[in-house]
Amino acid sequence: TQLLEQSPQFLSIQEGENLTVYCNSSSVFSSLQWYRQEPGEGPVLLVTVVTGGEVKKLKRLTFQFGDARKDSSLHITAAQPGDTGLYLCAGVGTYKYIFGTGTRLKVLA
Amino acid sequence: ETGVTQTPRHLVMGMTNKKSLKCEQHLGHNAMYWYKQSAKKPLELMFVYSLEERVENNSVPSRFSPECPNSSHLFLHLHTLQPEDSALYLCASSQGWRGSYNEQFFGPGTRLTVL
């Protein structure tokens with residue numbers, strides 16, 4: 001069974017702090033996606049990383065795909081209350097989407 | 001309406017009831033998905049339809065019955081559910097359903113409670 005473990009599960013930080021969320025698997029994926037889900041809504045895609053070692057930046061968010069395409073990280077610089085939400089990674093295989101266990105982030109003003 | 005819509009947003013049903021969840025996408029996509037999101041469990045892919053044909057069925061109990069009459073509409077028919085089926089049911093759509101850059105667009109979900 002393919003699993004994507006995310007850590008930490010919960011994170012509560014003050015506005016302005018930096019944080020990193022990890023997404024780890026023993027399986028290789030053709031790509032990895034990160035989504036953010038806010039209460040009462042469905043997940044929204046933030047980024048897709050495809051190449052091993054790839055780094056993508058989206059304003060204060062930096063995403064990295066592991067060299068072996070088994071893991072990924074999301075780094076947020078100077079977190080803001082608007083970053084609050086559930087962050088989900090998703091491994092994309094040929095015919096499969098495997099979602100991670102999720103990281104619930106709360107940024108306090 | 002834009003994006004992916006789901007109705008109803010909330011549903012409470014008894015174990016002997018029959019109900020249906022509806023999903024509609026206004027994006028011109030060819031693939032549609034049903035997911036189950038439970039507390040403390042990862043998002044679980046239930047069914048995938050591509051061009052109105054079911055292409056994925058992840059060992060979902062037969063008390064869940066999907067229907068895709070056309071590429072814009074997806075239903076999930078429910079009957080004789082169990083309390084453990086209480087969850088948020090999310091619908092999603094995408095342009096195709098294979099490929100590394102395939103982006104799924106999710107609806108807001110239906111919060112289902114089975115009494």
Side-chain angles (χ1 to χ4, degrees), chain A residues 1-10 21-52 54 56 58 63 65 69-70 72 85-104, chain B residues 2-10 21 23-27 29 31-50 53-59 74 87-112:
Chain A
T1 304
Q2 291 179 303
L3 286 173
L4 272 171
E5 297 281 348
Q6 284 185 238
S7 60
Q9 282 189 335
F10 301 96
V21 176
Y22 299 93
C23 174
N24 295 297
S25 176
S26 58
S27 303
V28 176
F29 294 100
S30 58
S31 67
L32 201 134
Q33 299 179 328
W34 284 93
Y35 290 79
R36 182 170 69 210
Q37 184 177 15
E38 299 186 24
E41 299 182 13
V44 175
L45 181 68
L46 297 174
V47 78
T48 301
V49 284
V50 178
T51 307
E54 182 178 2
K56 280 192 174 177
L58 185 67
F63 305 86
F65 202 10
R69 291 186 290 130
K70 293 182 180 181
S72 181
L86 177 66
Y87 288 82
L88 298 166
C89 63
V92 184
T94 305
Y95 301 104
K96 291 282 188 185
Y97 285 93
I98 308 294
F99 274 82
T101 47
T103 294
R104 196 167 293 279
Chain B
T2 59
V4 180
T5 57
Q6 290 187 243
T7 54
R9 294 293 308 273
H10 300 272
L21 309 184
C23 175
E24 185 173 0
Q25 59 97 359
H26 310 267
L27 301 167
H29 288 164
M32 296 187 77
Y33 310 74
W34 278 117
Y35 283 90
K36 177 183 179 183
Q37 188 172 34
S38 309
K40 300 179 182 178
K41 290 181 74 175
L43 205 62
E44 299 170 70
L45 179 62
M46 299 174 73
F47 302 104
V48 181
Y49 276 82
S50 176
E53 275 194 56
R54 190 189 311 179
V55 294
E56 183 86 4
N57 178 347
N58 278 338
S59 303
L74 186 64
L88 181 69
Y89 288 84
L90 289 161
C91 173
S93 72
S94 62
Q95 184 58 50
W97 79 284
R98 303 177 192 178
S100 300
Y101 285 101
N102 198 29
E103 177 181 359
Q104 295 180 73
F105 291 79
F106 284 84
T110 295
R111 174 69 60 186
L112 174 67

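Letters A, B, ... mirror the listed sequences (proteins, then strands); counts begin at 1.
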Of the listed residues (Arg9(B), Arg111(B), Gln104(B), Gln37(B)), which shares the most heavy-atom pairs with chain A below a 4.5 Å separation?
Gln104(B)

For chain A, which of Gly109(B), Cys91(B), Gly107(B), Ala92(B) has the most heavy-atom pairs under 4.5 Å?
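Maximum pair count with chain A is reached by Gly107(B).
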
Does any part of the side chain of [Y], heavy atoms only, come nearer than 4.5 Å to the side chain of [X], both counted from C-beta?
X	Y	value
Leu74(B)	Phe47(B)	no
Leu43(B)	Phe106(B)	yes
Val21(A)	Thr103(A)	yes

Value for CG (Leu88(A)) from CZ (Arg36(A)), rounded to nearest 0.5 Å, stands at 11.5 Å

Using non-hydrogen atoms only, which part of Gln9(A) is less than 4.5 Å away from chain B: side chain, backbone, both, or neither?
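No part of Gln9(A) comes within 4.5 Å of chain B.
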
Under 4.5 Å from any heavy atom of chain A - which part of Tyr33(B):
side chain

Return the orientation label for the Phe99(A) and Tyr35(B) ring planes: parallel under 30°, perpendicular over 60°, tilted otherwise.
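Judged by the thresholds at 30° and 60°, the geometry between Phe99(A) and Tyr35(B) is perpendicular.
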
If you count heavy-atom pairs within less than 4.5 Å of chain B, which of Gly42(A), Gly100(A), Pro43(A) leads?
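Heavy-atom pairs under 4.5 Å are most numerous for Pro43(A).
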
